[in-house]
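We name chains A, B, ... by the order of the sequence lines, and we start the count at 1 in each one. Being a predicted model, the structure only gives us computed values, none of them experimental.
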Amino acid sequence: MTVRTRFAPSPTGMLHIGGVRTALFSWLYAKHHGGTFILRVEDTDRERSTDEATQVILDGMQWLGLTADEGPYYQTRRMDRYREVIEQWLAEGKAYRCYCTKEHLDELRARQMAAKQNPRYDGRCRECAEHREGVPYVVRFKNPLDGSVVVDDQVHGPVVFENTQLDDLIIARSDGTPTYNFCVVVDDSDMAITHVVRGDDHLNNTPRQINMLRALGATPPVYAHLPMILGADGAKLSKRHGAVSVLQYQEEGYLPSALLNYLVRLGWSYGDQEVFTLGEMIQYFDIKDVNKSASAFNPEKLLWLNQQHIMNAPASVLAVGLREQLASLDVHTEDQVMLEGVANILRERAKTLKEMAQTGLYFFREIDGYEEKSAKKNLTAEALPILQALIQSLQALPEWKAVAIHDVITAISTQFAVGMGKVAQPLRVAVCGSGVSPPIDTTVELLGRVVTLARLQRAQAFIAP
RNA sequence: GCUCCCAUCGUCUAGUGGCCUAGGACACAGCCCUCUCAAGGCUGGUACACGAGUUCGAAUCUCGUUGGGAGCGCCA
C-alpha cells in the first residue's frame, strides 16, 4: 500500500513555522516511503477564509519546495459530497436532527461545568426523530454511547478515550454547511489518506474522527500527532517570535533548506548530526523517531544553520538570492560573475543573504564615504606614502591575481619596515570604506584593477585634499 | 472544573536498566590561527522537576506530587 499523507491548512491566517513544520514532517514521511503528498485547503469557514491567505500558503509551500503531488483540493468545492454523506447518515440513522437552541446549549454547558463535569451535549434530540417543519436544526453524529477508542498514535503510543466522555458533535450547521471534523473525515476517507500527521492539539479530536470514519465504513488512517512549537520564551508561539509568514524568512535572506533543516530538528534528531541536506532528511526521517515534548523556537540556531547552508550552497543558488536582496537595496545587477564571486567570498561571513548584500555593497556600487573610526585610524598622513606605493605597484602588476596582489602587500610592508596590517588596513578602508572585509588580496582581485586604483586615489584625496 | 498530553544543560537534543563522574549542537567565555571580519580548531561552565517503589544496579521501569500544554464552539 502506498503511503498517502496530507497537509491541510485553513486559510484563516498566515502560514507560519508551526504549520511549515507539520507540512515538512508530512512531506518527509511521504517522500521517505516513495508516497504521495497531498495539499488540501480547509476553507469551510467562509467568514474567516481569504483568497490572500490561500495564496500566501501556496507561495510559502512553493518557496520551501514542499510541492504537492496532488491538490490543492478545496473543501468549499466539495460541498455536494459532504451533503451527500449527511443525507445518507440521516437516512441510515447514523446522524440526527437536533432542534436544541443555542441558548439551551449554553445553559447546559454552564450547568455541567458548574457541576464539575465534562461539558457535553446531553443527547436530548437523539431519539426523537420527528421532523419539525420550519424549525431550524443542526445535524449531529450519533457517537457510540459506550466502549472506548484507542488511538494508536505513532509518536505518543496508544491513547485511550472513553466514548462516555465524547458527545454527539455537530456535523452540519443550521444553515446546512458542514463542520470541520466532519469534512476532515470525509476527505481523509475519500482521498485515501494512509497517514495523518498533524499538531498534537488535534489529539483530542481524533477519537471522534475515528468513530465517524467507522460510520463511513472506512479504515482509519495511522495517526502521528506532532508536539507543538513554542515561542523562544517557552510560551505559545506568537508574532514576536516566529509566528510570522514563512515568506518573511525569504525576505530576511534565509535559505529554504536552512529553515527546513532547523524545523526538522525540532522534535526529531539523527544521532549528533545537525546539518542536513534535503536528501538526507528524506533518507533518515522516520515518524517513529519524533519526540513527544514541545520545543521552543530558537532564532539563533536558525541563524547559525542558515550560515551553514550558505557555506554549502552552490554559488549559482546564492547568486539568485543575493541579486534579489541587492535589488531591495536598490542595486540592480545582472553581473553573474561578480554575483557568484561575492557569494563565494562572503559565504563564510554572512548569516543571511540580506546580510551578504549589505556587507558586500561596495562590490556593486561606489562607496559612500568611510566609516569614521577606521578612517581616523588608517587613512592618516603616515598611510599616504603607502597608498602611493600601492597605486604604483598595483598599476604595474602584470597579472591581476590574488597571489600577486598579496605579494605586492608583503613587498610594501618590508619596504616600509612595517607590519602587514599597516599596509592591508589602509588599503582595506580605501577600497571597502571600513576596516572589515574578506581577505584583502581576494577582495581587491574581485573588485578589479580599475575600481581599486580609483578608490585608492580617492582615499589619497581624502587624506590630503 | 473535566478529558487528554508532556517533563535531560538557558535552548534544540543523545540516551530504551550497567558503556553516564550524562554525549553532541546553538548561545556564552577564554585561547590558537590571522592583514580586518569571519570560518575552523582547542578549552570551560551549566541539566536527568520532586518523592516513593522495583532492582545487585535507574535519566532509563511503576506509582504519586508538582509544574507546563492542548481540547471541552452551529472555529478550524
Side-chain angles (χ1 to χ4, degrees), chain A residues 8-13 42-45 47-49 75 98 100 102 105-106 109 112-120 136-140 151 153 156 159-162 164-167 169-177 179-181 183-184 199-207 225 227-228 230 232 234-236 262 265-275 291-305 307-308 311 346-351 359 374 378 406 409-410 413 419-429 432 434-441 443:
Chain A
S10 59
T12 51
E42 311 216 318
D43 53 355
T44 48
D45 185 351
E47 303 277 298
R48 297 195 299 150
S49 298
Q75 290 187 326
C98 168
C100 293
K102 274 184 195 177
L105 263 20
D106 288 344
R109 193 158 30 240
Q112 286 169 327
M113 284 180 75
K116 306 187 181 208
Q117 287 171 334
N118 192 9
R120 45 193 288 277
Y137 63 87
V138 297
V139 179
R140 288 182 185 270
V151 180
D153 193 86
H156 290 276
V159 183
V160 183
F161 294 87
E162 297 300 327
T164 51
Q165 294 296 327
L166 273 23
D167 65 358
L169 82 171
I170 293 171
I171 59 175
R173 304 182 182 96
S174 46
D175 65 359
T177 58
T179 59
Y180 169 78
N181 275 294
C183 295
V184 167
D200 65 11
D201 49 340
H202 286 285
L203 187 52
N204 286 294
N205 287 330
T206 309
H225 286 95
M228 304 265 84
L230 275 21
K236 199 173 164 180
Y262 176 71
R265 285 284 288 97
L266 250 34
W268 177 84
S269 63
Y270 184 77
D272 285 340
Q273 188 170 340
E274 296 287 350
V275 182
N291 278 180
K292 303 182 209 193
S293 53
S295 42
F297 177 71
N298 183 345
E300 270 121 33
K301 188 153 185 184
L302 204 209
L303 214 46
W304 175 78
L305 269 169
Q307 179 170 34
Q308 296 298 311
M311 288 195 287
L346 287 176
R347 68 197 317 153
E348 284 179 356
R349 349 191 172 244
K351 291 190 190 301
T359 60
S374 308
N378 298 294
H406 189 264
I409 294 168
T410 43
S413 67
M420 276 255 285
K422 289 286 182 196
V423 181
Q425 277 309 88
L427 172 58
R428 173 170 280 122
V429 178
C432 307
S434 85
V436 176
S437 88
I440 195 61
D441 47 6
T443 301

_Pairing residues for A:T164 by the side chain to side chain contact (heavy atoms under 4.5 Å, CB included) criterion, not counting sequence neighbours_ = A:E162
*Is any side-chain nitrogen or oxygen of A:Q308 closer than 4.0 Å to OP1 or OP2 of B:G40?*
yes
*asked:* Distance criterion of 3.5 Å, no angle test: do you see the side chain of A:S174 paired donor-to-acceptor with the base of B:C74?
replied: yes
*Just wondering, do A:R120 and A:R109 contact through their side chains at under 4.5 Å, heavy atoms?*
no
*Side chains of A:S10 and A:D43: does their closest heavy-atom pair fall under 4.5 Å?*
no
*Atom-pair distance (CD on A:Q307; C1' on B:G40), nearest Å*: 11 Å
*Quick one: side chain to side chain donor-acceptor pair (under 3.5 Å) partners of A:N205, sequence neighbours excluded?*
A:H202
_Rounded to whole Å, how long is the line connecting atom CZ of A:R109 with atom P of B:C2?_
18 Å
*Which part of the nucleic acid does A:P438 contact within heavy-atom distance under 4.0 Å: base, sugar-phosphate only, or nothing?*
base
*Can you list the residues that meet the side chain to side chain donor-acceptor pair (under 3.5 Å) rule with A:D175, with sequence neighbours excluded?*
A:T177
*Answer whether the closest heavy-atom distance between the side chains of A:F161 and A:T206 falls below 4.5 Å.*
no
*Give one of base, sugar-phosphate or nothing for A:K102, where a contact means two heavy atoms less than 4.0 Å apart.*
base
*asked:* Let me spell it out: for each of A:Y137 and A:V159, pick the nucleotide of RNA chain B with the closest heavy atom. Which residue's pick is nearer the 5' end?
replied: A:V159
_Distance, P atom - from B:G73 to B:U65, rounded to whole angstrom_ = 27 Å
_Under 4.0 Å protein heavy-atom contacts per nucleotide of nucleotides 43-50 of chain B, with B for base, S for backbone only and - for none_ = --------
*For A:S434, answer base if it contacts any base atom (sugar-phosphate contacts may also be present), sugar-phosphate if it contacts only those atoms, and nothing otherwise; contact means non-hydrogen atoms under 4.0 Å.*
nothing
Check: protein-nucleotides 69-71 of chain B nitrogen or oxygen pairs below 3.5 Å:
unit_1	atom_1	unit_2	atom_2	d
B:A70	O2'	A:D201	O	3.4
B:A70	N3	A:N204	ND2	3.4

_So A:D441, base contact, sugar-phosphate only, or nothing? Heavy-atom distance under 4.0 Å._
base
_Whole-Å P distance, B:A29 and B:A39_ = 13 Å
*A:P227 and A:K292, any side-chain heavy atoms less than 4.5 Å apart*: no
_B:A38 versus B:C26 - spacing of their P atoms, nearest Å_ = 16 Å
*Touch class at under 4.0 angstrom, heavy-atom based, for A:P9 against every strand present*: nothing
*Return the nearest nucleotide to the side chain of A:R349; candidates are B:G1, B:A38, B:C35.*
B:A38
*asked:* Using side-chain heavy atoms (C-beta onward) and a distance below 4.5 Å, is A:E274 in contact with A:W304?
replied: yes
*asked:* By the 4.0 Å heavy-atom rule, please label A:V138 as base, sugar-phosphate, or nothing.
replied: base
*Do A:E42 and A:V184 come close enough that some side-chain heavy atom pair is under 4.5 Å?*
yes
*Please tell me which of A:A424 and A:C100 maps to the more 5' nucleotide of RNA chain B, matching each residue to the nucleotide holding its nearest heavy atom.*
A:A424
_Beyond-backbone contact of A:R140 with A:L169, side-chain heavy atoms, under 4.5 angstrom_ = no
*Is the distance from OP1 or OP2 of B:C4 to the nearest side-chain N or O of A:Q165 less than 4.0 Å?*
no
*Verify the contact: side-chain N or O of A:R120 to OP1 or OP2 of B:C2, cut-off strictly under 4.0 Å; return yes or no.*
no
_Contact state string [nucleotides 10-16 of chain B, B base, S sugar-phosphate only, - no protein heavy atom under 4.0 Å]_ = -BBSS--
*asked:* I'd like to check A:L166 versus A:P207 (side-chain heavy atoms, cut-off strictly below 4.5 Å). Are they in contact?
replied: yes
*How far does the P atom of B:U60 sit from the matching atom of B:G18, given to the nearest Å?*
12 Å
